[in-house]
Amino acid sequence: MKKLTKAIAALAMAGFVGFAAADPMIALVKTSDVQAVDTNNDDWLHAEGSRLYDMNGNEVWLTGANWFGFNCGEACPHYLWSADIDDILQSVVDHGINVLRFPVSTELLLSWMNGTPKEVSSIQVNTDPSYTINPDFAESDGKTPKDSMEIFDIIMQKCKKYGVKAFIDVHSPHTDNSGHNYNLWYGKETEDGTMVTTEIWRDTLVWLADKYKNDDTLIGYDLKNEPHGKGQEGTEAAKWDGSTDENNWAYAATKCADAILEVNPNALIMIEGVEQSLSGAMPGDYWGIGDRRDNSPYIGAWWGGNFRGAREYPIKPEHGTSQIVYSPHDYGPSVYAQTWFDKDFTEQTLLDDYWYDTWAYINAEDIAPELIGEWGGHMDGAENEKWMTLLRDYMIKNHINHTFWCLNINSGDTGGLWTGLGFSPATGSTISWDADKYGLFEPSLWQTAKTGKYIGLDHQVALGENGISLNDFYANYASTEGSNLDGGKTSSGNPVNGETPTTAKPAETTKPAPTTAKPAATTSTTVSNSSDNTTGSSDIVYGDANCDGKVEIADATLILQFLTNKDEYKLTEKGMKNADCSDVGDGVTAQDALAIQKLDAGIIKSLPVK
C-alpha cells in the first residue's frame with residue numbers, strides 16, 4: 001500500500017470523507033456519527049513478508065474459529081435451529097473471536113449465482129412478539145425462512161454490526177455434510193445433475209468476490225478445503241508442481257486467485273496445501289507411480305497441510321502476492337495417530353519431523369503469512385491436549401493467524417467450543433462453552449498484554465464487552481502495554497515488561513534458520529523539538545498527541561477520536577499542546593490530524609505547519 005493511500009485511508013477510517021481545502025489532493029468533511037465509518041470499506045488487509053497489515057500499515061492478527069453448515073444439506077450455519085443469530089454472534093465476540101471461517105460448497109454458490117438460491121432447513125425463525133427468534137431470517141409471514149443467500153447476506157451484516165470479520169472456504173464441490181472427504185475442487189455433480197468443473201468453481205468464487213467487493217466484512221476466500229489424495233491415485237489426487245494439469249492445485253489456485261483479484265484486489269486469498277508430495281527418493285519417480293513399502297516416492301501430510309511443493313513452485317499471481325495467505329491444516333493424535341506422534345514429542349521434534357519442512361518454513365523464512373485454517377480436537381488430558389498446547393504456543397510466538405475447528409458441537413473428529421445451545425421466550429438464547437477447551441484456546445486470541453482486552457479487526461467497532469477496536473488498540477494500547485502477538489510486545493517492537501519474547505528455535509539441522517520476527521511495519525517519526533518562542537514551551541513534541549515520543553498514524557487517529565467523542569477519548573494537557581501542530585495556537589482541530597498524516601505520507605517534512 002502506498003503511503004499516500006495509507007494517509008487517506010486513515011482519515012476515512014476516523015470519520016472523515018472526501019478531500020478539499022488547502023492541499024488540492026486532500027479535503028475534509030466530518031460525519032456526524034463515528035459508527036458511519038463502518039461502511040467506508042476501510043478494513044481490508046494485505047501482506048508484507050509473513051505479516052498482515054491494515055490499510056494504515058498497522059499489523060493485525062486473525063484469531064478466530066470455524067462455524068460450518070453452509071456446506072451441508074441444511075444450507076445455513078448449524079445451531080440456528082437452537083439459538084438466535086444476534087445472541088450467538090454477541091457471545092462469539094464476547095469470547096474474543098475476531099474472525100469466522102464459514103465453509104460453503106460450490107454447489108451452494110452456483111445456486112446463488114444462477115438466481116436459484118437453495119432453501120434452508122433446520123432453522124428456527126419466528127417474529128411473534130411472544131416467541132421471537134431469528135426474526136430477520138423470516139419471510140413476511142413471520143415463520144417461513146428466507147433462502148440461503150438472503151441468510152448469508154444477513155449474517156454478513158450482523159458480523160459487521162458486532163465487529164467480527166469473515167471469510168468463506170469452499171469445503172467441497174457438492175453439498176454434502178461429509179463433502180470434505182472428496183479430493184478435488186471439481187468432478188462432482190450437484191443435486192440437479194450439473195457437473196462442477198474447474199471453471200464453475202472459479203466463476204462462483206469470482207461472482208461472490210464481485211458481489212462483496214465493497215463490503216470489508218467478507219475479507220477473504222479460502223479457495224478449497226483440504227485438496228488431497230495419494231500420489232498413486234494420479235489424476236484423481238491433488239498435486240503441487242509446475243504443470244498446467246487440471247489436478248495441479250498450485251496452477252488452479254494461482255489462476256483462481258488472479259480471477260478474484262481482478263474484481264476485488266483487496267481480498268485475501270487463502271491457499272491450502274495438498275496431502276502428498278514427491279520425495280525424490282529415486283530417479284524417474286513421477287506423480288501417479290505406485291507406492292513402495294521402502295523408499296517411498298511420496299511424502300505424506302495432513303490433508304491440506306503439505307506445502308513442500310511451494311518452495312519450488314510458490315503461488316505468484318499476475319496481480320502480485322500482497323493478498324496471498326498460505327493456510328495449512330494441522331491436527332493432533334486424537335484425529336489420526338501420525339508417525340511424528342510416536343515419541344515423547346516436543347515443539348522441536350514436531351518442527352524437525354513434520355512442521356518446518358511441511359509448512360512452518362513459509363512463515364519462519366518470511367515468505368508469506370500463514371493462517372492455520374483448522375486446528376483443534378478433543379480434550380483428552382493427554383497427548384492431544386499436549387499437541388494443541390504446543391501448536392497454540394508456536395502460533396503465538398510466531399504471529400501465525402488461525403481459525404480453530406470449531407464452534408459446532410457436532411464435529412465428530414474434534415467436538416466443538418460450544419457444548420450446548422437453547423432458546424426460550426423468557427430468557428432468550430443460552431449458549432454454553434466448553435470451559436476447558438476454551439481455556440486452552442483463549443490465550444491464542446489477539447489481546448492486550450496486560451489488561452487482556454480482545455482486539456478486533458474493525459477500525460471502529462469494539463470486539464464484544466471486553467474488547468476494543470483496531471483504532472482503539474493502536475491509539476491507546478499498542479505503544480504502552482502492547483499485545484500477545486509474537487509472545488508479547490509493543491507496537492514499536494519492545495518487549496512488554498522489559499522481557500524478551502521467546503521465539504521458536506529453528507530445527508538444529510541443515511534447514512534454513514527462521515528469521516527473527518520483525519516489528520510491525522508502522523511508519524513512525526521520532527521528533528525532538530527545540531524551544532518554541534510562540535508558546536514559550538521547551539518540551540513540545542509537535543504531533544505526539546499520545547505522548548509516546550513518536551509521531552505516527554496513531555496520533556492522528558487519537559486526535560480524530562478526541563474530536564468525535566471527548567468523553568471517551570481524552571488528551572492530556574501535554575498531549576493537547578503536542579497535538580496543536582497546524583496553525584499553532586488555534587487549538588486541536590482536524591487540520592492537526594491531517595498534518596500528521598501528511599508527515600507520514602512524506603508530503604511535508606516537519607511539524608509544525610502554518
Side-chain angles (χ1 to χ4, degrees), residues 65-92 100-128 131-162 164 166-180 188-194 196 204-205 207-208 211-212 215 217-218 221-222 225 406-411 416 418 420-423 428-429 431:
N66 287 263
W67 186 8
F68 66 76
F70 274 119
N71 55 310
C72 302
E74 294 81 6
C76 67
H78 288 179
Y79 297 98
L80 289 173
W81 56 68
S82 298
D84 183 85
I85 181 63
D86 284 282
D87 297 334
I88 290 174
L89 289 177
Q90 183 68 64
S91 184
V92 164
L100 288 169
R101 178 178 183 255
F102 286 99
V104 303
S105 68
T106 296
E107 180 174 353
L108 181 73
L109 298 183
L110 182 62
S111 76
W112 297 355
M113 186 176 75
N114 289 341
T116 56
K118 282 183 171 291
E119 294 182 359
V120 303
S121 62
S122 300
I123 183 172
Q124 190 175 176
V125 297
N126 202 329
T127 61
D128 188 330
Y131 191 88
T132 304
I133 181 170
N134 294 315
D136 296 327
F137 294 155
E139 295 285 8
S140 57
D141 63 4
K143 297 180 179 180
T144 303
K146 294 182 177 180
D147 65 48
S148 55
M149 186 174 74
E150 292 174 304
I151 287 176
F152 179 84
D153 291 342
I154 293 167
I155 290 176
M156 290 302 102
Q157 289 306 304
K158 289 186 180 294
C159 284
K160 181 185 293 292
K161 170 184 174 182
Y162 291 101
V164 64
F167 65 97
I168 63 145
D169 99 88
V170 177
H171 223 61
S172 58
H174 58 306
T175 295
D176 189 332
N177 291 42
S178 298
H180 61 283
K188 292 291 284 187
E189 289 188 351
T190 66
E191 189 177 41
D192 67 4
T194 301
V196 175
T204 55
L205 280 164
W207 173 86
L208 186 64
K211 173 180 167 71
Y212 271 88
D215 189 340
T217 304
L218 188 61
Y221 301 86
D222 186 341
N225 181 74
C406 55
L407 292 171
N408 304 57
I409 302 162
N410 57 331
S411 176
W418 293 329
L421 295 89
F423 185 87
S429 301
I431 303 162

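Keep in mind it's a predicted model, so treat the numbers as computed, not measured.
By the salt bridge (Lys or Arg N to Asp or Glu O under 4.0 Å) test, Asp84 pairs with no residue at all, sequence neighbours left out.
Among all heavy-atom pairs drawn from Ala83 and Ile133, the shortest one is C-CD1, 3.9 Å. When all heavy atoms are compared, the tightest approach of Asp128 to Thr132 is O-OG1, 2.6 Å. Closest heavy-atom contact between Val125 and Lys143: CG2-O, 3.0 Å. Minimum interatomic distance between Ala75 and Leu108 (heavy atoms only, all atoms of both residues): CB-CD1, 4.2 Å. Of all non-hydrogen atoms in Trp67 and His78, the two that sit nearest each other are NE1-O, 2.9 Å. When every heavy atom of His174 is checked against every heavy atom of Ser105, the shortest pair comes out as O-CB, 3.5 Å.
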For Leu208 and Tyr221, what are the C-alpha separation, side-chain angles and deciding distance, and is it a side chain to side chain contact (heavy atoms under 4.5 Å, CB included)?
-> CA-CA 9 Å; Leu208 186 64; Tyr221 301 86; 3.9 Å; yes
Could you please spell out the steps behind the side chain to side chain contact (heavy atoms under 4.5 Å, CB included) verdict for Val196 and Thr190?
-> CA-CA 7 Å; Val196 175; Thr190 66; 3.7 Å; yes
From CA spacing to verdict: side chain to side chain contact (heavy atoms under 4.5 Å, CB included), Phe68, Asn410 = CA-CA 10 Å; Phe68 66 76; Asn410 57 331; 3.5 Å; yes
Residues Asp176, Lys188; criterion salt bridge (Lys or Arg N to Asp or Glu O under 4.0 Å); working and verdict | CA-CA 11 Å; Asp176 189 332; Lys188 292 291 284 187; over 6 Å; no
Worked check of side chain to side chain contact (heavy atoms under 4.5 Å, CB included) between Phe102 and Asp169 = CA-CA 6 Å; Phe102 286 99; Asp169 99 88; over 6 Å; no
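We find the NZ-CE distance between Lys211 and Met156 to be 11.0 Å, quoted to the nearest 0.5 Å. Note that the CG atom of Asp147 and the NZ atom of Lys118 stand 12.0 Å from one another [nearest 0.5 Å]. From Ile155, atom CD1 reaches atom CD of Glu150 across 12.0 Å, with rounding to the nearest 0.5 Å. Remark: Ser91 OG to Leu421 CG distance equals 8.0 Å, nearest 0.5 Å. Considering CD of Glu119 and SG of Cys76, their distance stands at 12.0 Å, rounded to 0.5 Å. Atom CG of Leu100 sits about 13.5 Å away from atom CD1 of Ile168, to the nearest 0.5 Å.
When side chains are defined from C-beta on, Leu80 does not count as touching Val120, because their heavy atoms never get closer than 4.5 Å. Inter-residue side-chain proximity for Lys161 and Asp86 is flagged as met; some heavy-atom pair is nearer than 4.5 Å. Two residues are said to be in side-chain contact when any heavy atoms from C-beta on lie closer than 4.5 Å; Asn71 and Asn225 fail this criterion. Counting heavy atoms from C-beta on, the side chains of Arg101 and His171 come closer than 4.5 Å.
Under the side chain to side chain contact (heavy atoms under 4.5 Å, CB included) test applied with Ser429, the options Asp87, Ile88, Ile85 reduce to a single match, Asp87.
With a 6.0 Å radius and a threshold of 12 heavy atoms from other residues, nucleotides or ligands, Gln157 has its CD atom above the threshold.
Listed for the Asn134 side chain is no donor-acceptor partner under 3.5 Å among the backbone atoms of Phe137. In terms of modelled atom types and a separation under 3.5 Å, the side chain of Trp418 and the main chain of Cys406 share no donor-acceptor contact. Thr144 places no side-chain N or O within donor-acceptor distance of the main-chain N or O of Glu139, the cut-off being under 3.5 Å. Without hydrogens or angle criteria, Asn408 side chain to Ser411 main chain gives no donor-acceptor distance under 3.5 Å. Judged by distance alone, the side chain of Asn177 and the main-chain N or O of Cys72 form no donor-acceptor pair under 3.5 Å. For Asn114 (side chain) and Thr116 (main-chain N/O), no donor-acceptor pair under 3.5 Å exists by modelled atom type.
Below 30°, between 30° and 60°, or above 60°: for Trp112 and Phe70 the angle between ring planes is above 60°, a perpendicular geometry.
For the residue pair Thr204 / Thr106, no side-chain donor-acceptor distance below 3.5 Å is found, with atom types taken as modelled. Using a 3.5 Å distance cut-off with no hydrogens or angles, the side chains of Thr217 and Asp215 do pair a donor with an acceptor.
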